[in-house]
Peer 1: 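My structure is below; once you've seen it, I'll send some questions.
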Number of protein chains: 2
Amino acid sequence: MNKKNYTSQDVAELAGVSQSTVSRVFAGNTNVSEKKRKKILDAAEKLEYQPNAHARSLITRKTMMIGIVMRNIRNPFYSAVLEIFHNRLAALGYHLIFINSENEEIQEKEITQLLEYNVEGVIITDALLSSSASQKFNRNGIVVILFNRYTEKLESSAVFCDNYLAAKQIATYLVEMGHKSFAFISGPSDTSTTIDRLKGFKEVLDDRGISNLVIEPGNYTYESGFKAAQELITRNKNIDCIFCGNDIIALGVMDAIRVIGLKIPDDISVIGFDNIRMSEWPSYSLTTWEQPLEDMVDSTVELMLKEISDKSSEPQVIMMKGHLVVRTSVRQKK
Amino acid sequence: MNKKNYTSQDVAELAGVSQSTVSRVFAGNTNVSEKKRKKILDAAEKLEYQPNAHARSLITRKTMMIGIVMRNIRNPFYSAVLEIFHNRLAALGYHLIFINSENEEIQEKEITQLLEYNVEGVIITDALLSSSASQKFNRNGIVVILFNRYTEKLESSAVFCDNYLAAKQIATYLVEMGHKSFAFISGPSDTSTTIDRLKGFKEVLDDRGISNLVIEPGNYTYESGFKAAQELITRNKNIDCIFCGNDIIALGVMDAIRVIGLKIPDDISVIGFDNIRMSEWPSYSLTTWEQPLEDMVDSTVELMLKEISDKSSEPQVIMMKGHLVVRTSVRQKK
DNA sequence: TATTTTTTTGAATACGTATTCAAAAAAATA
DNA sequence: TATTTTTTTGAATACGTATTCAAAAAAATA
């Protein structure tokens with residue numbers, strides 16, 4: 001039943017040539033006469049020969065594999081990220097090893113797996129990378145790029161949105177729309193996204209002498225947004241706008257507000273971050289900040305290819321802009 | 001910068017033993033004296049030695065890699081599927097090669113990639129598998145399991161919900177709730193899920209002498225549901241309930257209905273299929289059919305392991321039940 | 001202690017490919 | 001046609017590991 005896998009040796013025998021020549025044909029080497037090439041391809045087809053990628057990678061030292069580590073694949077933002085990364089990298093011949101990290105920080109076991117398989121690069125989204133992990137990858141010549149995150153110490157390259165600037169513009173927008181009383185629902189407090197978004201937001205409020213910002217902790221999920229909004233509203237009756245750490249939080253917030261019986265944006269304005277597809281669904285129509293996802297992925301892929309071909313290049317940070325997408329969840333107040 | 005990767009040979013030299021013995025330690029072989037084992041582990045740690053998975057797989061003929069092919073990762077149902085499959089398989093030491101098929105049918109190129117990497121198994125969800133592709137996998141001793149799909153010819157194993165029976169129960173429920181005028185929004189018409197759900201639904205209606213079923217084509221996306229509902233309602237004023245091919249369609253349908261200005265369930269009842277997380281969000285509160293996702297994944301993994309260890313086993317079909325989850329999108333009519 | 005049995009060890013080899021190097025064949029030039 | 005240059009080819013080898021087999025060492029038994 002389980003037929004033997006044919007090898008380049010089998011093809012060579014059937015075609016009456018040496019294994020080297022078969023290998024040359026499949027490695028795309030041009031120095032093979034048309035006559036033999038044809039014979040070899042015929043024989044290969046007859047045997048349904050497939051080169052063995054593992055044997056090949058042993059010699060070439062190219063595995064054409066990239067690891068992608070995610071923590072929150074159920075967040076539609078990251079589903080989209082995964083899809084786009086796959087499409088870009090597959091087009092370049094790379095294969096994706098998908099790792100769903102269950103913990104906030106990428107685990108020893110997961111690192112080991114990626115090292116054993118000699119991935120050429122690792123993309124880490126939505127997860128933290130310890131300094132020691134980062135060094136481990138570096139020492140093994142594996143390129144690491146953080147996506148939508150960065151670390152202070154700059155041990156690996158990173159591609160992300162300028163969250164600080166975006167949050168400033170969001171705050172300015174809310175203030176100019178006439179809001180007086182502000183809340184922020186955060187993600188995990190040790191993520192760069194949360195830190196920068198809060199920083200920019202708070203700075204604008206401080207500049208304008210607004211000191212009543214309420215901060216409610218969340219973890220970038222619908223459920224955490226829902227719960228945070230409930231607490232927030234029952235505790236602080238006068239909140240008139242909520243800046244949500246990301247869109248999926250915002251959806252939970254909006255649902256909670258409505259369950260309580262308040263109206264959006266009449267009673268409370270809500271603003272998100274990411275511009276996931278759902279935010280434009282009429283049930284939500286969420287005003288939010290769009291991250292230029294496709295561009296971010298393109299930059300990440302480009303940077304990764306560059307670093308793979310030149311391992312000695314210094315870690316690099318690419319910061320992108322994005323823009324406000326105005327829908328109907330923020331009200332112009334008098 | 002790019003330091004050489006150390007090999008078992010390097011470890012052997014540092015520890016003063018042979019390469020064979022180092023290999024034995026890392027292959028988990030017990031026949032190594034404690035003294036040498038310790039020396040080897042020390043040396044390995046000092047060099048940060050990682051066995052090379054590709055070289056290993058060449059000998060053992062086990063790659064510990066599984067391919068997972070998906071078409072619609074943006075559908076939250078499949079994000080969840082991916083997450084659960086990853087968690088189960090990672091716990092067993094398997095690695096996931098993720099492939100996002102852009103076409104309805106899995107492509108030659110994608111098959112080749114999986115063959116080249118000698119994956120031990122392939123899980124195909126939400127995509128079609130041609131007969132020739134199926135044979136190709138079989139001939140190479142690669143186990144294929146269809147998830148949430150099956151093919152008529154039974155060339156590979158399949159795990160799915162009894163869609164026919166579920167649709168019958170859904171139809172019965174709608175009839176008994178007093179509905180008179182029915183619509184079905186389908187997925188692609190060549191998928192087994194669509195075929196069986198429509199068949200079961202129609203059969204019950206036929207049995208009860210109801211012949212006014214309107215069928216609107218969709219493709220298992222929010223957008224297709226939205227559009228289908230718009231057309232349906234403007235064309236057929238009297239529809240009083242819509243059975244949606246899956247939940248994400250149902251969400252689009254609900255939004256479209258509300259945009260038009262009708263109320264759910266007062267004017268139109270909506271029922272879905274899958275029970276994705278969003279269907280319980282208060283904005284939707286969708287009555288739907290729950291697929292026993294965790295159980296389906298568990299069965300798939302179990303079946304896959306069995307077929308990997310016994311390649312000569314016959315293709316097997318596992319059909320699961322699921323159950324109706326009643327929320328508030330279906331009305332009891334008089 | 002002498003002998004037998006069991007455990008540990010290393011040399012040799014294989015997995016399936018790409019590449020180097022030298023030889024052979026073909027093509028280009030004189 | 002004879003010579004030089006270029007192209008094609010195959011033998012040998014390497015990538016990094018696991019495993020077989022026989023020998024050596026250790027443990028158990030007489």
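Please read these numbers as outputs of a predicted model, since none were measured by experiment. Chain letters run A, B, ... following the sequence lines, proteins first and then strands; every chain starts at 1. Excluded from the calculations below are hydrogen atoms, water molecules and symmetry mates; all remaining heavy atoms, backbone and side chain alike, are included.
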Peer 1: Would you indicate, yes or no, if dT7(D) has its OP1 or OP2 atom less than 4.0 angstrom from a side-chain nitrogen or oxygen of Asn31(A)?
Peer 2: no

Peer 1: I need the CD-P distance between Gln9(B) and dA12(C), as an integer number of Å.
Peer 2: 13 Å

Peer 1: Please give the nucleotide sitting opposite dT8(D) as a Watson-Crick or G-U wobble pair, both distances under 3.5 Å, or none.
Peer 2: dA23(C)

Peer 1: From the list dT17(D), dA18(C), dG16(C), which nucleotide is the closest neighbour of the side chain of Ala27(A)?
Peer 2: dA18(C)

Peer 1: Is there a side-chain contact between Ser20(A) and the phosphate of dG10(D), meaning an N or O under 4.0 Å from OP1 or OP2?
Peer 2: no

Peer 1: Tell me whether His95(B) contacts the main-chain N or O of Met65(B) through its side chain, where contact means a donor paired with an acceptor under 3.5 Å.
Peer 2: no

Peer 1: Do any N or O atoms from the side chain of Glu110(A) and from the backbone of Gln107(A) form a donor-acceptor pair under 3.5 angstrom?
Peer 2: yes

Peer 1: Is the gap between the ring centers of Phe160(B) and Tyr150(B) under 6.0 Å?
Peer 2: yes

Peer 1: Give none if dA14(C) has no partner; otherwise give the nucleotide forming a Watson-Crick or G-U wobble pair with it, both distances under 3.5 Å.
Peer 2: dT17(D)

Peer 1: Check this for me: does the side-chain of Gln19(A) come within 3.5 Å of the base of dA18(C) through a donor and an acceptor?
Peer 2: yes

Peer 1: Write down the distance between CG (Leu47(A)) and P (dG16(C)), rounded to a whole number of angstrom.
Peer 2: 14 Å

Peer 1: Let's see if you can work this out: which of dT17(C), dG10(C), dT17(D) has an atom nearest to the side-chain heavy atoms of Arg24(B)?
Peer 2: dG10(C)

Peer 1: Just the rounded figure in Å: distance from C1' of dT8(C) to CD1 of Ile40(B).
Peer 2: 11 Å

Peer 1: Using whole Å, what does the distance between atom C1' of nucleotide dC15(D) and atom NZ of Lys62(A) come to?
Peer 2: 16 Å

Peer 1: Record whether the side chain of Arg61(B) comes under 3.5 Å of the base of dG16(C) through a donor-acceptor pair of N or O atoms.
Peer 2: no

Peer 1: Please confirm whether the shortest side-chain N or O distance from Thr21(B) to OP1 or OP2 of dG10(C) is below 4.0 Å.
Peer 2: yes

Peer 1: Between atom OH in Tyr6(A) and atom P in dG16(C), what is the gap in whole Å?
Peer 2: 13 Å

Peer 1: Could you tell me the separation between the NE2 atom of His54(B) and the C1' atom of dA14(D), rounded to a whole number of Å?
Peer 2: 17 Å

Peer 1: Determine yes or no for a side-chain-to-main-chain donor-acceptor pair under 3.5 angstrom, with Asn140(A) supplying the side chain and Phe137(A) the backbone.
Peer 2: no

Peer 1: Search all heavy atoms of Tyr78(A) against all heavy atoms of Met70(A) and return the closest pair with its distance.
Peer 2: O-CE, 3.4 Å

Peer 1: Expressed in angstrom and rounded to an integer, what is the separation of Ile59(B) atom CD1 from dC15(C) atom P?
Peer 2: 8 Å

Peer 1: Could you check whether the rings of Phe147(A) and Phe85(A) sit parallel, tilted or perpendicular, using 30° and 60° as the cut-offs?
Peer 2: perpendicular

Peer 1: Within the pair Ser33(B) and dT9(C), is there a side-chain N or O less than 4.0 Å away from OP1 or OP2?
Peer 2: yes

Peer 1: Using atom CD of Glu116(B) as one end and atom P of dG16(C) as the other, report the distance to the nearest whole Å.
Peer 2: 15 Å

Peer 1: Any idea which of dA18(D), dT20(C), dT17(C) is nearest the Ser23(B) side chain?
Peer 2: dA18(D)

Peer 1: 5'-most contact on DNA chain C: Ala55(B) or Val32(B), nearest heavy atom basis?
Peer 2: Val32(B)

Peer 1: Need the pair for dA30(D). Rule: Watson-Crick or G-U wobble, both distances under 3.5 Å, any strand; none if unpaired.
Peer 2: dT1(C)

Peer 1: May I ask you to evaluate whether Lys36(A) reaches the phosphate of dG10(D), defined as a side-chain N or O under 4.0 Å from OP1 or OP2?
Peer 2: yes

Peer 1: Check whether any side-chain N or O of Tyr49(A) sits under 4.0 Å from OP1 or OP2 of dT17(C), and answer yes or no.
Peer 2: yes

Peer 1: Return the 5'-most residue of the pair Pro51(B), Ser18(A) with respect to DNA chain D, ranking by each residue's nearest nucleotide.
Peer 2: Ser18(A)

Peer 1: Touch check for Val22(A), heavy atoms < 4.0 angstrom, all strands: base, sugar-phosphate only, or nothing?
Peer 2: nothing

